[in-house]
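Chain letters run A, B, ... following the sequence lines, proteins first, then strands; residues in each count from 1.
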There are 2 protein chains.
Amino acid sequence: METSGAPRRLRGTASWLLGQATTHAARLVSEALGAMGSRRYHYSLLAALDEFGPASQAELGRRGGLDRSDVVATVNELEQKGFVERRPDPGDRRRNIVTVTPSGVAHLRRLDRVLGQAQESLLAPLSPAEREELVRMLNAVLEHHG
Amino acid sequence: METSGAPRRLRGTASWLLGQATTHAARLVSEALGAMGSRRYHYSLLAALDEFGPASQAELGRRGGLDRSDVVATVNELEQKGFVERRPDPGDRRRNIVTVTPSGVAHLRRLDRVLGQAQESLLAPLSPAEREELVRMLNAVLEHHG
DNA sequence: ACCCACTCGTTGGCCAAGCCAACGATCGCC
DNA sequence: GGCGATCGTTGGCTTGGCCAACGAGTGGGT
């Protein structure tokens with residue numbers, strides 16, 4: 001009965017495909033960042049700081065979808081490497097203000113490069129037009145899901 | 001200098017987009033399966049068994065990209081729930097042959113339903129044609145990456 | 001017939017990600 | 001002044017993906 005008409009369940013559903021594709025993507029990204037001594041959270045924070053400027057840790061968490069507790073740990077590591085500075089907010093003593101250092105920006109540029117390469121190798125089988133379309137659709141999904 | 005021309009790094013790279021999109025997808029899938037008392041691995045194994053028939057644990061791992069050790073744990077759980085049977089292979093005493101039970105197939109059908117709903121809600125903003133295109137491109141990426 | 005390389009199931013462990021609860025300190029508002 | 005909310009921080013939990021090692025077993029070569 002199911003000898004010939006078996007549904008291609010494993011590869012047929014989009015959510016499953018997305019899962020598989022992102023397993024690959026995550027592995028590629030992880031390897032790329034890991035080779036630079038960083039992890040996803042590091043990139044997330046550095047990019048958010050570079051793009052939107054200094055912010056409190058809670059604000060950083062909101063920007064990048066990180067939990068406050070994870071922001072603490074990540075800022076600790078980035079600070080230790082000299083990529084960010086953490087100083088108390090004079091206007092609100094609950095807050096720390098986090099700032100990127102020039103060395104942090106330089107590191108971010110390096111991460112950008114290796115991430116670009118990872119992306120290139122991931123999307124190798126797609127034409128430029130297809131990549132654009134893919135990005136457009138993913139953005140639509142993300143926007144819709146707010 | 002970066003006041004206006006800041007690259008939309010966070011959202012501009014496809015690998016990052018894929019990561020974000022799959023965070024959503026993974027959450028949806030996880031919640032859907034979790035509501036049925038299962039996890040991704042359970043679905044992976046049940047679907048592989050349903051699609052390709054009985055197999056050894058190592059073979060199951062290869063089919064679904066699971067590590068052998070994870071197959072062990074998952075088969076344990078599925079066996080305890082009566083969804084699969086594990087019996088020694090008479091032809092090769094190193095192997096166990098894993099088989100889906102009718103109850104396991106029924107459970108898989110239920111998982112299929114909730115996964116379909118999760119996928120539906122995930123891809124809500126995309127037209128049918130777009131979904132097809134998305135699936136096609138993801139398949140291309142997966143095939144290319146072996 | 002023996003060895004050797006390999007496979008298989010299993011145990012145990014590691015790290016990254018994502019999340020949640022609780023705490024003391026601080027702030028804003030009524 | 002008191003009260004609810006916010007912030008940084010600590011600690012913990014779960015899932016997912018992976019790797020190393022082990023004993024049992026297999027198959028090929030010689």
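Residues satisfying the ring pair (Phe, Tyr, Trp, His ring centres under 6.0 Å) test with A:H107, not counting sequence neighbours, are A:F83. By the side chain to side chain donor-acceptor pair (under 3.5 Å) test, A:T23 is found to be paired with no residue, residues two or more places apart in sequence or in another chain being considered.
Transitive grouping of hydrophobic side chains (ILVMFWY, heavy atoms separated by less than 4.5 Å) brings A:L126 and A:L122 into a common cluster. Both B:Y43 and B:M36 are assigned to one and the same hydrophobic cluster, defined by single-linkage of ILVMFWY side chains at heavy-atom distances under 4.5 Å. A continuous path of hydrophobic side-chain contacts links B:V135 to B:V141 [ILVMFWY only; heavy atoms under 4.5 Å].
Residues of residues 66-78 of chain B having a heavy atom closer than 4.0 Å to DNA chain C, listed by number: B:R68, B:S69, B:V72. The stretch residues 82-99 of chain A touches DNA chain D through A:R86, A:R94, A:R95, A:N96, each having a heavy atom within less than 4.0 Å of the strand.
Distance check: B:L49 CG to B:R63 CZ gives 6.5 Å after rounding to the nearest 0.5 Å. To the nearest 0.5 Å, the span separating CZ on A:R39 from CG on A:L33 amounts to 10.5 Å.
Protein atom CZ of A:R62 is 12 Å distant from nucleotide atom C1' of D:dA5, rounded to whole Å. Rounded to whole angstrom, the span from the CG atom of A:L60 across to the C1' atom of D:dC7 amounts to 13 Å.
Residues B:L138 and A:A21 come closest through the heavy atom pair CD2-CB, 3.9 Å.
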Please table the atom pairs, donor to acceptor, closer than 3.5 Å between any side-chain atom in residues 65-73 of chain A and protein atoms at least two apart or in another chain.
residue	atom	partner	partner atom	Å
A:D67	OD2	A:S69	N	3.1
A:D67	OD2	A:S69	OG	2.6

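Map A:R27 and A:E59 each onto its nearest nucleotide of DNA chain D; the residue landing nearer the 5' end is A:E59.
For the 3.5 Å distance criterion, the side chains of A:T99 and A:R87 qualify, holding a donor opposite an acceptor.
Interface limits on DNA chain C: the 5'-most and 3'-most nucleotides within less than 4.0 Å of chain B heavy atoms are C:dT7 to C:dC19.
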